[in-house]
2 protein chains.
Amino acid sequence: MSVNGRNAGRPAALDEVSKKIIEQLQNDGRRSYAEIGKAVGLSEAAVRQRVQKLTDAGVMQVVAVTDPMQLGFYRQAMIGIRATGDTRLLADRLSAIPAVDYVVLTAGSFDLLVEVVCEDDDELIDLLNSQIRGLEGVSSTETFVYLKLHKQFYNWGTR
Amino acid sequence: MSVNGRNAGRPAALDEVSKKIIEQLQNDGRRSYAEIGKAVGLSEAAVRQRVQKLTDAGVMQVVAVTDPMQLGFYRQAMIGIRATGDTRLLADRLSAIPAVDYVVLTAGSFDLLVEVVCEDDDELIDLLNSQIRGLEGVSSTETFVYLKLHKQFYNWGTR
DNA sequence: AGTGAAACGACCGTAGA
DNA sequence: TCTACGGTCGTTTCACT
């Protein structure tokens, strides 16, 4: 927790032990606390407390991530959007679209970037025409169809 | 497994039970097999076998994902890259840079999109000048600095 | 914040339908 | 591919430092 009870300030840096715990869970999210404890030199209970705290603070979460291709979603794309009006409202509406799995407000020649996951080209075309380009505040879009997702890392922050 | 032992073809669609299991683990990657079994109407051992198979097949993996902001990485950006030569080689070199956490080959006005995670603007500037723009095959870049990561979903494929 | 101990529950291998 | 079961190991709670 932060010193003053708010979380407005910049979070305190993690110590080396917590970083090691996170690394262990980045390699395998189901590794037991006891095993992690052995690796980082802490008791099982201590590891569990730290994981709990890290999770509660939103520093990390243990989740299943899936491979869209393996699940029948053969078409992914990043869509750059130029917008008018409040981009936060637009981001909310974009987030509500099931095929949209990533929304970020940016500075540069796009105001938003959204990643979409589709079953095929037809769904992507429909998505663009019927769901995205029609949204209020979307002035133009540019689509970058994924040819190959080369590499994706989940070790943000610890590297 | 695929019928002929290779994984070249399109994977078979998952049945409803496996989808439910994945959903459970997307909500909480540490949920016990017994608990998941209760939710999907299967024994603990059956759930365990299916999770093992899904993991081995690369359909899903349970991992810790972290929030870069909470770990002191206050600057993220997407970089669009126009390239000459073999983009696969370039993608390999980009993947080797620690600050790069996402590399995708695209069709469109960029040949690659890479996401980077930096501590601050200085690191981002250095990354662009010293590590990315100097790579052989990079003809131009365009940087989209993240103002706010609005939403990120991990339920790719199941939606 | 950490340890240690005891009760409980989860996990894993194996056998069998 | 599933259930059933027993041994082992992990997790949880609590008292203590």
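As the structure is a prediction and not an experimental result, all values here were calculated from the model. Chain letters run A, B, ... following the sequence lines, proteins first and then strands; every chain starts at 1.
- Between the CG atom of B:Asp56 and the C1' atom of D:dT1 there is a distance of 16 Å, rounded to whole Å.
- Between A:Arg93 and A:Glu136 there is no salt bridge, since none of the side-chain N atoms of the basic residue sits less than 4.0 Å from a carboxylate O of the acidic one.
- Between A:Arg30 and C:dA10 there is no side-chain N or O to OP1 or OP2 distance below 4.0 Å.
- Per the geometry, CG belonging to B:Leu54 stands 11 Å off P belonging to D:dT1, to the nearest Å.
- The side chain of A:Ala46 lies closest to C:dG2 when the candidates are D:dG10, C:dA10, C:dG2.
- Remark: P of D:dT11 and CD of A:Gln52 are 13 Å apart, rounded to the nearest angstrom.
- Look at CD1 on A:Ile36: it is 13 Å from C1' on D:dT11, rounded to the nearest Å.
- Considering only the side chain of A:Ala45, C:dG4 comes nearest among C:dG4, D:dG10, D:dT1.
- Rounding to whole angstrom units, CD1 of residue A:Ile21 and C1' of C:dG2 are separated by 12 Å.
- The pair B:Arg48-B:Glu44 counts as a salt bridge, with a side-chain nitrogen and a carboxylate oxygen less than 4.0 angstrom apart.
- When each of B:Glu44 and B:Val17 is assigned the nucleotide of DNA chain D bearing its nearest heavy atom, the one mapping closer to the 5' terminus is B:Val17.
- Looking at heavy-atom distances under 4.0 Å, B:Ser43 makes contact with a base.
- Note that the CZ atom of B:Phe73 and the CD atom of B:Glu123 stand 7.0 Å from one another [nearest 0.5 Å].
- Atom P of nucleotide C:dA10 and atom OH of A:Tyr33 are separated by 13 Å, given to the nearest angstrom.
- B:Arg30 forms a cation-pi arrangement with A:Tyr33, by the criterion of a distance under 6.0 Å to the ring centre and an angle within 45° of the ring axis.
- Taking the charged nitrogens against the carboxylate oxygens, A:Lys20 and A:Asp15 have no contact shorter than 4.0 Å, which rules out a salt bridge.
- At whole-Å resolution of the value, CG in B:Leu42 and P in C:dA10 are 16 Å apart.
- With hydrogens and angles ignored, no donor-acceptor pair under 3.5 angstrom links the side chain of B:Gln49 to the base of C:dC12.
- Nucleic acid contact for A:Glu35: none, since no nucleic acid atom lies under 4.0 Å from a heavy atom of the residue.
- Considering only side-chain N and O atoms, B:Arg48 lies nowhere under 4.0 angstrom from the phosphate OP1 or OP2 of C:dG13.
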